[in-house]
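What follows is a single structure, written as structure tokens, with notes after it.
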Amino acid sequence: MKEESTDFIRQRISEDLATGKLKGEVVTRFPPEPNGYLHIGHAKSICLNFGVAEQFGGFTYLRFDDTNPEKESDEYVQAIIRDVAWLGFDWGDRLTHASDYFQKLYDFAEDLIRDGKAYICSLSGEEIRAGRGTLTEPGQDSPYRNRAVEENLDMFRRMRAGEFSDGAHVLRAKIDMASPNINLRDPVLYRIRHATHQRTGDTWCIYPMYDYTHCICDALEGITHSLCTLEFEDHRPLYDWVLDNINVNIHPPQIEFSRLGLEYTVMSKRLLQRLVEENRVDGWDDPRMPTIAGLRRRGVTPGAIRDFCRRVGVTKQDNVVEMSLLEFCIRQDLESASPRAMVVLDPLKVTLTNYAEDNETLEAPWHPQQDHLGRRSIPFGPNLFIEREDFAEVPPKKFKRLSPGEMVRLRYGYIIRCDEVIKDFDGRITELRCSYFRDSKSGADTSGLKPKGVIHWVAAEASVPVRVRLYERLFREPAPSGSTFLQDLNPESMRVVEARAEPAIMDSVETRFQFERTGYFCRDSELENVFNRTVTLRDSWKP
RNA sequence: UGGGGUGUCGCCAAGUGGUAAGGCACCGGGUUUUGAUCCCGGCAUUCGCAGGUUCGAAUCCUGCCACCCCAGCCA
């Protein structure tokens, strides 16, 4: 079994347990906002939160951070639930929503007002921004900062009752307009939004802000370690301020770690959403997307993603992980589990001029090392297809495939020799005329011939036409810039090819295969006779 | 130039005063009817830089430098 990781967060939890600071179970939460699909960066957080709880014998909430009705929807909620479950994590009955706590949140807000720690500010959005100061200059107190408690309470209730229009007033915390930390310059706690919430409908027209909501939900759920990404580090004093100023007896520590960066893609819901909305990809589950749904449709396994997240680690360092690590994890997980098949992606006709038999049937294991996967039949005949790139009229040095006058073994079949190359008027090769060696049958080879290499092939008539989608990186730049990322898109991120597959895979119940010598492929979940290339095979051939 | 962070091999990442783990990538070599898998071996005298403390420093101190985040009624 894999040894358990010990990143700084797990070390911290171990300490809390050892010093008695934490008694009882470790409780974490994964708190997505349902305003988009989850991506592999979220997977890192999911693996961390669920992994930590599992490792220390606790549990994890799946909590939707649904405080902004204008951007959130049930479609996203359902997609997120599906993705977290698919990744292999179980939240039991601990599926919650920030909106479950709207009334409690509201009550705490009234408490803050009564305590003189929050006030209704009637400045406009621009005025509030202007009054906030800058990074180097302190802000100015709002003229409403010292509004009387009773008036604040009355106005807050009227806000809730729907007496005001959007933006007319907000509830602000009374902290310090001169704080060097901008988040402490009387942050907005509640705003008016006459919008229908995907869960609470029109019950509310005021909605709490993230900073106010998140910490209270954590406390109410008894979260013992509130893990989030680095950009919230500056918000920690506010997280602490809220919990210190309301009547709760739980105060989880917020611990921040760095987000995952991955080469040749973007990891921002906003940018991913643009790709979807501007039809640069075919939806959130386009196999080129770094979304969980995209990776799934591409054929990536949950285990590969979990392994990737484990190998990537958890630190506070900014990082951009190379795609080769993800690919390694995918190949490793697929290698022993995937049945093999022969599929010719770019067919070149081969005619065996001396093949006089009736068509015959060969047999091969589904996997060269995994006998338990069984065997399959492979039809053979005088008319074949081989991979166009497995033939070279003028072979480069160390070429182990077919060329004029040379021999090659057809995998699980016979040895053939290329005798003649047929071309059309444009000089394009249209057919190879070859002879086969009858006594060289795989497993019963008495020919004594020693061909340089082995290639995959398919019988022309018996093979099945399938459409194969070959994916490349979505972006041509390792780190697409947020502002010009559309220009960085790789125009060749998907190539569709009409291939010929051995018939056995059409009868198989498997969805993932290794197409020998070309890569790992997955039957598309939506489209008939379509296979997606999950990842290529490692290729160490260098001419 | 205010505040908050981060700097260890191409990319991740251990290391918490005792003399630089590991993974990916890469480079050799072996096995192989997938140029796959698998197996062996190689790969940081040096930890952003410069000083200092110490018998001893990636780890402690001082000063620089670089990069990331923050001025939503987003999360």
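FYI, side chains are in, hydrogens and waters are out, and symmetry mates aren't considered; it's all heavy atoms of this structure. Quick caveat: nothing in here was measured; it's all calculated off a predicted structure.
Under the rule for a side-chain hydrogen bond (donor to acceptor under 3.5 Å, both in side chains), A:Ser179 has no partner lying at least two apart in sequence or in another chain. Judged as a side-chain hydrogen bond (donor to acceptor under 3.5 Å, both in side chains), and not counting sequence neighbours, A:Ser403 has no contacts. Contacts of A:Tyr37 classified as side-chain hydrogen bond (donor to acceptor under 3.5 Å, both in side chains), with partners at least two apart in sequence or in another chain: A:Glu75. Judged as a side-chain hydrogen bond (donor to acceptor under 3.5 Å, both in side chains), and not counting sequence neighbours, A:Gln369 has no contacts.
Judged by closest nucleotide on RNA chain B, A:Thr518 is the one of A:Thr518 and A:Glu70 placed further toward the 5' end. The nearest heavy atom of RNA chain B to A:Glu126 and to A:Gly313 marks one nucleotide each, and the one closer to the 5' end goes with A:Gly313.
Taking 90° from 0 as the syn/anti boundary, the base of B:G72 is oriented syn.
Side-chain N/O atoms of A:Arg517 include one lying less than 4.0 angstrom from OP1 or OP2 on B:G35.
No donor-acceptor contact under 3.5 Å links the side chain of A:Glu137 to the base of B:G2. Counting atom types as modelled, A:Arg129 pairs no side-chain N or O with a base atom of B:G72 as donor and acceptor under 3.5 Å. Scanning atom types as modelled, one donor and one acceptor separated by under 3.5 angstrom connect the side chain of A:Asp234 and the base of B:G3. For a distance-only test at 3.5 Å, the side chain of A:Arg409 qualifies as a donor-acceptor partner of the base of B:U33.
Shown here, B:G2 forms a base pair with B:C70; the pair counts as Watson-Crick or G-U wobble because both key distances fall under 3.5 Å. Pairing for B:C49 goes to B:G63, judged as Watson-Crick or G-U wobble with the two contacts each under 3.5 Å.
Heavy-atom distances under 4.0 Å link RNA chain B to A:Glu33 of residues 30-41 of chain A, given in residue order.
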For nucleotides 38-42 of chain B, which of its nitrogen or oxygen atoms have a protein nitrogen or oxygen under 3.5 Å away, and what is each distance?
none

